[in-house]
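Single-structure report; data block below.
Note that the coordinates shown come from a computational prediction; the quantities given were computed from them, not determined experimentally. Both counts, for ligands and for their atoms, begin at 1 and track the order of listing.
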Amino acid sequence: MRLFVAADLPVQVHEALCETSAALRELVHGRYVAPDSFHLTLAFLGEVPGSQLDDAIAALEEACLGQGPIEVALGPLGSFGRARRATLWQGLARGVDELAGLAGDVRECLAERGLAYDATLFVPHVTLMRAADLSAGTLPMPQVAKGAIETVTLYRSDLSGERPRYEALHVVRLQAPPDQDWEGNLS
Ligand code: ATP
Ligand code: MG
């Protein structure tokens with residue numbers, strides 16, 4: 001199965017991305033990501049045998065242990081690849097270092113269990129378009145919004161249909177450890 005780990009987006013952030021995507025449709029030709037598929041990838045595992053699914057879940061649980069919600073704010077648009085067939089995305093103005101830390105922990109916990117992942121440099125982004133023709137020039141001003149990322153999910157990606165489908169296999173809630181007083185009692 002084809003697996004990846006992604007941070008799930010706060011509702012206000014999702015709404016802003018929907019608006020940016022709608023504005024892009026007026027200006028840029030390409031393949032749009034469906035709004036119900038917007039996500040922020042932390043680690044891409046690729047093909048993993050079903051027998052290693054439990055290891056992937058355990059790695060995700062361990063990486064997120066003691067990690068509280070992460071405040072993020074949307075930032076500018078960016079792109080990867082060639083100008084006529086670009087991947088167009090919206091990046092973050094806030095939360096980059098915190099997400100990079102979490103992505104690093106996820107990747108470390110995967111590696112400890114012998115699970116491979118794509119080790120390219122982590123650039124937090126939400127893909128809005130693929131095969132985008134950016135040669136015409138104008139891009140819209142992206143909508144911005146902020147909110148807290150509260151869950152991280154292990155997804156199965158199915159590319160057999162007309163558009164990619166992502167199935168949530170395991171969801172982990174980000175919860176800071178409770179405060180302890182000087183005697184070690186939990187409040
Ligand atoms: P499609 O490949 O049909 O355009 P997709 O890229 O959304 O669809 P997947 O290829 O299964 O679907 O990728 C799932 C997620 O993992 C996406 O966020 C994608 O950007 C990311 N991803 C895919 N391949 C890699 C890779 N080699 N390195 C890092 N991230 C990747
Ligand atoms: Mg892909």
Side-chain angles (χ1 to χ4, degrees), residues 1-10 13-14 16-18 20-22 24-25 28-50 52-53 55-57 59-60 63-64 70 72 74-92 95-134 142 147 149-172 174:
M1 53 183 82
R2 186 177 173 95
L3 300 181
F4 66 101
V5 173
D8 301 309
L9 301 163
V13 167
H14 185 265
L17 289 162
C18 290
T20 304
S21 174
L24 278 168
R25 279 172 197 260
V28 184
H29 291 288
R31 194 152 55 85
Y32 292 87
V33 175
D36 63 0
S37 290
F38 291 157
H39 64 275
L40 198 156
T41 301
L42 298 175
F44 177 75
L45 288 76
E47 279 302 321
V48 171
Q52 280 191 295
L53 177 58
D55 287 332
I57 291 172
L60 182 56
C64 295
I70 296 177
V72 295
L74 286 170
L77 297 175
S79 66
F80 299 135
R82 291 169 288 157
R84 284 180 193 276
R85 271 192 85 74
T87 297
L88 183 65
W89 43 265
Q90 191 164 355
L92 298 182
V96 172
D97 292 347
E98 293 80 356
L99 280 173
L102 180 59
D105 290 345
V106 169
R107 292 168 181 212
E108 209 177 295
C109 291
L110 290 170
E112 278 169 9
R113 289 170 173 78
L115 286 156
Y117 54 87
D118 186 282
T120 43
L121 182 71
F122 177 66
V123 180
H125 65 276
V126 181
T127 299
L128 297 175
M129 291 185 73
R130 298 185 198 278
D133 182 357
L134 305 181
I149 287 174
E150 295 185 331
T151 56
V152 175
T153 300
L154 177 68
Y155 286 98
R156 176 183 196 162
S157 173
D158 176 4
L159 301 182
S160 64
E162 209 159 88
R163 70 178 184 94
R165 299 188 70 82
Y166 310 133
E167 178 195 359
L169 298 182
H170 188 77
V171 182
V172 180
L174 299 180

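With 3.5 Å as the limit, one finds a donor-acceptor pair spanning the side chains of Thr41 and His39.
In terms of protein heavy-atom proximity, atom 15 (C) of ligand 1 is nearest to Thr41 OG1, 3.7 Å. Regarding atom 2 (O) of ligand 1, its nearest protein heavy-atom neighbour is Leu159 CD1, 4.0 Å. The protein atom (non-hydrogen) at minimum distance from atom 27 (N) of ligand 1 is Asp118 OD2, 3.2 Å. Of all protein heavy atoms, the one lying nearest to atom 30 (N) of ligand 1 is Phe44 CB, 3.4 Å. Of the protein's heavy atoms, Arg2 NH2, 2.6 Å lies nearest to atom 10 (O) of ligand 1.
A donor-acceptor distance shorter than 3.5 angstrom exists from the side chain of Gln90 to the backbone of Gly75, with no hydrogens or angles considered. The main-chain N or O of Leu42 is found under 3.5 Å from a side-chain atom of Arg107 such that the two form a donor-acceptor pair. In this structure, the side chain of Arg113 engages the main chain of Cys109 through a donor-acceptor pair within 3.5 Å.
Geometrically, Arg25 engages Tyr32 in a cation-pi contact defined by less than 6.0 Å to the ring centre and at most 45° from the axis.
Ligand 1 has no atom lying under 4.0 Å from any heavy atom of Thr127. At least one heavy atom of Tyr166 sits less than 4.0 Å from an atom of ligand 1.
Residue Arg156 comes nearest to Met1 through the heavy atom pair NE-CB, 3.8 Å, listed as atom of the first residue, atom of the second, then distance.
Using a 4.0 Å cut-off between heavy atoms, Arg130 contacts ligand 1 through its side chain alone, with no backbone atom that close.
The shortest side-chain heavy-atom distance between Arg163 and Ser37 falls under the 4.5 Å cut-off.
Comparing Ala34, Ser37, Ser157, Ala131 against atom 11 (O) of ligand 1, the shortest heavy-atom distance belongs to Ser157.
Near His39, the atoms of ligand 1 lying under 4.0 angstrom from a non-hydrogen atom of the residue are 15 (C), 17 (C), 18 (O). Using a 4.0 Å cut-off to heavy atoms of Pro164, the atoms of ligand 1 that qualify are 3 (O), 8 (O). Those atoms of ligand 1 that come under 4.0 Å of a heavy atom in Arg31, given as number and element, are 4 (O).
In this structure, the side-chain hydrogen bond (donor to acceptor under 3.5 Å, both in side chains) partners of Tyr155, at least two apart in sequence or on a different chain, are Asp8.
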